[in-house]
K.L.:
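Attaching a single structure in structure tokens format; questions to follow.
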There are 2 protein chains.
Amino acid sequence: MAATLHDVAHLAGVSIKTVSNVVNDYPHVRPETRHKVQRAIDELGYQPNATARSLRSGRSGAIGLVLPELSLSYFAELADEVIAEAEKHGLVVLIEKTGASREREIAVLSSPRMRLTDGLIFSPLGMGQDDAELLAVDYPLVLLGERIFGSPVDHVTMRNVEAARAATEMLIGLGRRRIAVVGAHVDEGVGSAALRVQGYQDALAAAGIPFDPALVAYTTLWHRANGAASMRELIDSGVHFDAVFGLNDALTLGAMRVLQEAGFRVPDDVAVIGFDDIEESRYAVPSLTSVDPGRASIARTAVQLLVRRIGEQGGRPADPQEVLVDFEIVPRESTGTGSLAVASSSAATPAAR
Amino acid sequence: MAATLHDVAHLAGVSIKTVSNVVNDYPHVRPETRHKVQRAIDELGYQPNATARSLRSGRSGAIGLVLPELSLSYFAELADEVIAEAEKHGLVVLIEKTGASREREIAVLSSPRMRLTDGLIFSPLGMGQDDAELLAVDYPLVLLGERIFGSPVDHVTMRNVEAARAATEMLIGLGRRRIAVVGAHVDEGVGSAALRVQGYQDALAAAGIPFDPALVAYTTLWHRANGAASMRELIDSGVHFDAVFGLNDALTLGAMRVLQEAGFRVPDDVAVIGFDDIEESRYAVPSLTSVDPGRASIARTAVQLLVRRIGEQGGRPADPQEVLVDFEIVPRESTGTGSLAVASSSAATPAAR
DNA sequence: CGACCGGAGTACAACGTTGTAGTATCGAGT
DNA sequence: ACTCGATACTACAACGTTGTACTCCGGTCG
């Protein structure tokens, strides 16, 4: 169907290689030959066959991005930024989702379905530290997240402990002493939840505030519904609190919603801070103070590290890098620190529907 | 680096084709030969080279999904469902974003970067009816959205007019007569905005309510910030209204937020309904009544149509199909019709972080 | 004036896979 | 004893591209 170099060569009356040379802008082609070939290319609407090129060159020009779920805002926004950065490097992004299942994650790592890609950016939620050696694959891989440390691959992660500590300290700075945590995971020594709870405890300890286990609400997942449910339990338990630290924004928005249904005023009765700084937090009622964990920087760094690995020639590979990105707290109304006007702070929002 | 059929064949002492036959489970291989080859495959960790397969077969097993922006919830959720459906067909999804720019959309259609895919699901926002002929590409293409009609490609779209009419009728049914619309586009005869405004006007006309242009708020984009800004203008204009129909949920959530800041009670003073039924609408305060335009069904249908096209052999292709999916109104608190409990109506939410 | 050089273009092989045609072997049927 | 047919396997070509090695030609230099 589609035209090939062979067709163009035939029409232009030159060899197939000369056409290839024109297409790739090689020197040593006379201007008149070049024009003749160009005319044939235009006439046939020739487009190089990407698959054949890949086979020849060993590069596909695509990278894979493996995520739990795109409908979670954090990951959607991350994917958006990965795609944007990849495009700067002339790469296209193939997305696979795992639903946070350990089995699916492991399967994807060895899946021939992804073999079209030159490398993978991998964000696991189901796998844990014990699975570290499964990451030693024979293609370029960049790991995201806080499930696995110290494995022999490039790893981009956020300062979970420090950021959580800073968030908690902000609440303490507001005079709050009874700070609830929403989203802890039972019996898990690994992952974002454990690290953020650690930061929370560090802040309490530093401020001389005793840690009260009754203030910790556990969830399995980090969706809005889970935040709502565990806030309901917390309220029903009758424990007193004057602030909430939600371990991600989705959870926190769900929790904040229940708080308000139950008649608590935010931030007057309860100050609330989240984690992730997803876009909707900016437009919640009240707008949600949140930790921006450096998402944009994570996306950029991950693509850059991957590109570097892909570019590595046969020689001995560079040592695996562990990159920590900087975080930032974005103060808004839910801690009584943001401006009330929202329409004016509309920021740059690139697209409509 | 990676093992090839050739390596396996050498190790097993058979021909390369026999290995291929084992890999592809062809008959006419003796069990003992099969085992011998299988051992060699395992020993070398052989994985078929997807690129070479593609070249040989003319299929890559990947489809492209072209969207304005993944950080818009509607598209993120759509992408999620496209990926899930694609997987059922053994396909992997490559995502390209256009930022809703007409130039980028047109560029993507002829981009060799996407040539790795077997076909495209294309959701334009910048292109218009005049660009219809640009869709006549020489690869399988399924069009989404309401920007272009009647072009010779498969097209999946929603019942914009009917759904908007039903939404408006719901508000009328609640006794509201002064219904504002947020998100209209100036001077645009095409696209979701125009169609939904049409449905709104149809409903008014059918109910004998005069159409008041002062109740129509215009925006360029459909982000939360735009909804917030135009609601602010609407309020400042002093016009009286007792209901709001937002042309998508993001807009509507922004508008609802401003309404509440301004002291209006929702739904008592102003009933609000949105369009898209994105996940966060379920957790807004109050939860937002919305039109589910059939997103899941759009994703499934689009993939299925594309798969059918890809499977078409050389013969004359099937006529282009125009598919309209069904919508549904999901009543929630913002129209005083939903239940107040939210934690219990948590629905099925597949993943955490 | 022959050797040499660079430009312009070509032929061929190779990337890793699979379809097609072919060979060799064996048992069964006439 | 011979064909026939099935089984088990192999050799080769081809998918469309590009790197390497080659030829051919006109011009320049010693």
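Below, chain A is the first sequence line, B the second, and so on; all start at residue 1.
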K.L.:
Looking only at the side chain of B:Asn49 (C-beta and beyond, no hydrogens), which of the listed nucleotides C:dT18, C:dG16, D:dT17 gets closest?
P.N.:
C:dG16
K.L.:
Are OP1 or OP2 of D:dC9 and a side-chain N or O of B:Asn21 less than 4.0 angstrom apart?
P.N.:
no
K.L.:
With nearest nucleotide decided by heavy atoms, which residue, B:Ser57 or B:Pro31, maps closer to the 5′ end of DNA chain D?
P.N.:
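The residue mapped nearer the 5' terminus is B:Pro31.
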K.L.:
Tell me, do A:Arg115 and B:Gln47 make a side-chain contact under 4.5 Å, heavy atoms counted?
P.N.:
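Yes. Closest side-chain heavy atoms under 4.5 Å.
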K.L.:
Measure from CZ on B:Arg56 to P on D:dG16 and round the result to the nearest Å.
P.N.:
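It is 10 Å, rounded to the nearest whole Å.
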K.L.:
Using a cut-off of less than 4.0 Å, is there contact between a side-chain N or O of A:Arg30 and OP1 or OP2 of C:dG7?
P.N.:
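Looking at the OP1 and OP2 atoms of C:dG7, neither is under 4.0 Å from any side-chain N or O of A:Arg30.
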K.L.:
Whole Å only: how far is the NE2 atom of B:His28 from the P atom of D:dC9?
P.N.:
11 Å
K.L.:
Would you indicate which nucleotide in D:dG16, C:dT18, C:dT10 comes nearest to any side-chain atom of B:Leu55?
P.N.:
D:dG16
K.L.:
Roughly, in whole Å, what's the span from CZ in A:Arg115 to C1' in C:dT17?
P.N.:
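From A:Arg115 CZ to C:dT17 C1': 15 Å.
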K.L.:
Looking only at side-chain N and O atoms, does A:Thr4 come under 4.0 Å of OP1 or OP2 in D:dG16?
P.N.:
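Checking A:Thr4 against D:dG16: no side-chain N or O falls below 4.0 Å of OP1 or OP2.
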K.L.:
Check the phosphate of C:dG19 against B:Tyr26, side-chain N and O only, distance under 4.0 Å to OP1 or OP2. Yes or no?
P.N.:
yes
K.L.:
Rounded to the nearest Å, what distance is computed from the CG atom of residue B:Leu5 to the P atom of nucleotide D:dA14?
P.N.:
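Going from B:Leu5 (CG) to D:dA14 (P), I get 20 Å.
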K.L.:
By the 4.0 Å heavy-atom rule, please label B:Thr18 as base, sugar-phosphate, or nothing.
P.N.:
base
K.L.:
Between the side chains of B:Ser15 and B:Thr18, does any donor sit under 3.5 Å from an acceptor?
P.N.:
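A pair is found: one side chain offers a donor N or O, the other an acceptor, under 3.5 Å apart.
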K.L.:
Does a side-chain N or O of B:Ser15 approach OP1 or OP2 of D:dC9 to a distance below 4.0 Å, or not?
P.N.:
no
K.L.:
Any N or O donor-acceptor pair linking the side chain of A:Lys17 to the base of C:dG9 at under 3.5 Å?
P.N.:
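Answer is no: no donor-acceptor pair is held.
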K.L.:
Nearest whole Å is fine: how far is D:dT20 P from A:Asn24 CG?
P.N.:
14 Å
K.L.:
Evaluate the side-chain hydrogen bond (donor to acceptor under 3.5 Å, both in side chains) criterion for residues A:Ser54 and A:Thr51: first the C-alpha distance (whole Å), next the side-chain angles of each, then the deciding distance (0.1 Å), finally the verdict.
P.N.:
CA-CA 5 Å; A:Ser54 299; A:Thr51 306; 5.9 Å; no
K.L.:
Rounded to whole Å, please give me the gap between CG in A:Asp25 and P in D:dT18.
P.N.:
12 Å
K.L.:
Please work out if A:Thr33 contacts a base, only the sugar-phosphate, or nothing of the nucleic acid, heavy-atom cut-off 4.0 Å.
P.N.:
sugar-phosphate
K.L.:
Please determine if a side-chain N or O atom of A:Arg53 lies less than 4.0 Å away from the OP1 or OP2 oxygen of D:dG16.
P.N.:
no
K.L.:
Could you tell me the separation between the NE2 atom of A:His6 and the P atom of C:dA11, rounded to a whole number of Å?
P.N.:
10 Å
K.L.:
Ion pair present between A:Glu312 and A:Arg309, side-chain N to carboxylate O less than 4.0 angstrom?
P.N.:
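So A:Glu312 pairs with A:Arg309 through a salt bridge.
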K.L.:
For B:Ile16 and D:dA13, give me the distance from atom CD1 to atom C1', rounded to whole Å.
P.N.:
12 Å
K.L.:
Whether the A:Glu146 and A:Thr157 side chains hold a donor-acceptor pair (N or O, under 3.5 Å, no angle test) is what I'd like checked.
P.N.:
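There is such a pair (donor and acceptor under 3.5 Å, judged by atom type) between the side chains of A:Glu146 and A:Thr157.
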